[in-house]
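When reading the values below, keep in mind they use all heavy atoms of this one structure, side chains included, and skip hydrogens, waters and symmetry mates.
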Amino acid sequence: MHLRRAMEILDIEYGVEFSEIKKKYRRLMTIHHPDAIGSDLPEYRKVAQEIIEAYGMIQTEYEKIRKSKPRKTVWNAKINEQAFSERTIYLPYTLEHDVKDLYQEICRGRYMWNPDEEDFTMLLRSVRLASLELLKQSEEKSNLYLSEQEWEKIRFPYQIKLFYKMMHQYIHPYECLSKLWNPVSVDVQKRETYEFRAFLGEKGRTKTAQTIARLKKNEQIQLSFSGENRIAAWNTRKESLGLFSLEEDALYFLLIPLFKEQLAQIKVVVQRVSAKRGRGFAQTKADLIASVRITEEAKNYISPVKNNEIAKLLCQYEKIMQREGTKHKNEWN
């Protein structure tokens, strides 16, 4: 079988991401596999065998391409020398660059996020794995023997806190914002205004859902910030509207630090309100427009490094390891 024939069987073209190829393969096997059809006739077995062979050929061929590509040692991004640890830069594989885990390791360093080069989902992956790496170093020192499921249960709350603190070390809020979005206006004081889509949503027939349903077009929404990325919303009568959500996840890491430092102001108004109802189902949603004005000072703002807070979290985690070790030792005795 030739590669072109394999691509025809899976009905794919060059440039598609490997995750889509996997989906196509699984979909075809669901349709054509003898077990799914409920028949073991030779013609059905032949079709299923061709699909499996085609998928295997594409994996093998592009694994060769991946291994032949030189690995970059320098990444086109600024470096934060003060960051607590290095992180690995990942890029997703397309059809031309296929690999089983779908990601290619490009290089490693204390690189700031450059949206022109690195997709936000890859940044999330990079920092998540960097935080996991730090926690696993503590786990290895503990000499505790637990299943991965047990480790995940202990590790999860610490990894969440560590992840958010580390994310801010790799992001320059204004630089990234200006690369991803264009301002809708600039005033005489050089303050830029951006507009973003946002929404409020509530499932069920709760009090919050009823309050959202009563919102009117152009009604103003008030916000308050809590935690790392939670934004609570209120109407002008101080009634809770639940959580305020931005359509782009990256904006939480770009805007919230500026809001907390009073380097940006936000005005949110209702665009429309919709409700879906069904048997045992109800959902109320308000689409919003958020206008954000950035001060001139925000352009030079960089989030505090907070290495002391990261070190403190890791120290707390090591104490948890010691406690778990004592607990398991007593159980064995």
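- Side-chain contact of Gln169 with Asn80: a donor-acceptor pair under 3.5 Å is absent, judged by distance alone.
- Between Val292 and Thr193 there is no side-chain heavy-atom pair separated by less than 4.5 Å.
- With a 6.0 Å radius and a threshold of 12 heavy atoms from other residues, nucleotides or ligands, Lys299 has its NZ atom above the threshold.
- Using modelled atom types and a 3.5 Å distance limit, the side chains of Lys165 and Asn307 yield no donor-acceptor pair.
- Shown here is Gln49, whose CD atom has no more than 12 heavy atoms of other residues, nucleotides or ligands within 6.0 Å.
- Judged by distance alone, the side chains of Arg108 and Thr88 do bring a donor and an acceptor atom under 3.5 Å apart.
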Requested in this report: Could you give me the CA-CA distance, side-chain angles and deciding distance for Lys161 and Glu309, then say whether salt bridge (Lys or Arg N to Asp or Glu O under 4.0 Å) is met?
Outcome: CA-CA 10 Å; Lys161 294 176 184 177; Glu309 293 183 19; over 6 Å; no
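- Looking at Ile58 and Ile12, their side chains come closer than 4.5 Å, going by heavy atoms from C-beta outward.
- A donor-acceptor distance shorter than 3.5 angstrom exists from the side chain of Gln159 to the backbone of Arg128, with no hydrogens or angles considered.
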Report task. Dump the intermediate steps for side-chain hydrogen bond (donor to acceptor under 3.5 Å, both in side chains) on Ser126 and Arg87, then the final yes or no. Result -> CA-CA 6 Å; Ser126 172; Arg87 68 184 183 94; 3.0 Å; yes
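- Using a 4.5 Å cut-off on side-chain heavy atoms (C-beta onward), Ile221 and Leu215 make contact.
- Defined by atom type and a distance below 3.5 Å, a donor-acceptor pair is present between the side-chain atoms of Glu139 and Tyr317.
- A heavy-atom distance below 4.5 Å is not found between the side chains of Val273 and Leu200.
- Among pairs with a residue in residues 175-204, those fulfilling ring-ring contact (aromatic ring centres under 6.0 Å, His included) read Trp181-Phe196, at least two apart in sequence or across chains.
- Side-chain contact check for Ser85 versus Met166: some heavy-atom pair is nearer than 4.5 Å.
- In terms of modelled atom types and a separation under 3.5 Å, the side chain of Ser131 and the main chain of Val127 share a donor-acceptor contact.
- Qualifying side-chain hydrogen bond (donor to acceptor under 3.5 Å, both in side chains) partners for Asp187, counting only residues two or more places apart in sequence or in other chains: Arg191.
- Glu239 and Asn235 share a side-chain donor-acceptor pair at under 3.5 Å.
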May I have the list of side-chain donor-acceptor pairs in residues 241-262 shorter than 3.5 Å, sequence neighbours left out?
unit_1: Tyr252; atom_1: OH; unit_2: Leu246; atom_2: N; d: 2.8
unit_1: Lys260; atom_1: NZ; unit_2: Gly227; atom_2: O; d: 2.7

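- When only modelled atom types and interatomic distance are considered, Glu192 and Tyr174 share a side-chain donor-acceptor pair under 3.5 Å.
- Counting heavy-atom neighbours within 6.0 Å of Arg197 CZ, excluding the residue itself, gives a total of 12 or less.
- With values rounded to the nearest 0.5 angstrom, Ser303 atom OG is found 9.0 Å from His172 atom NE2.
- For CD of Gln82, the number of neighbouring non-hydrogen atoms (other residues, nucleotides, ligands) closer than 6.0 Å is 12 at most.
- Considering only heavy atoms from C-beta on, Lys217 stays 4.5 Å or farther from Gln271 through its side chain.
- When side chains are defined from C-beta on, Arg5 counts as touching Ile9, because their heavy atoms get closer than 4.5 Å.
- Within 6.0 Å of NZ on Lys179 lie more than 12 heavy atoms contributed by other residues, nucleotides or ligands.
- Side chain to side chain, Trp234 and Ser224 meet the donor-acceptor criterion of an N or O pair below 3.5 Å.
- Judged by distance alone, with hydrogens and angles left aside, the side-chain atoms of Trp113 form a donor-acceptor pair with the main-chain N or O of Glu118 at under 3.5 Å.
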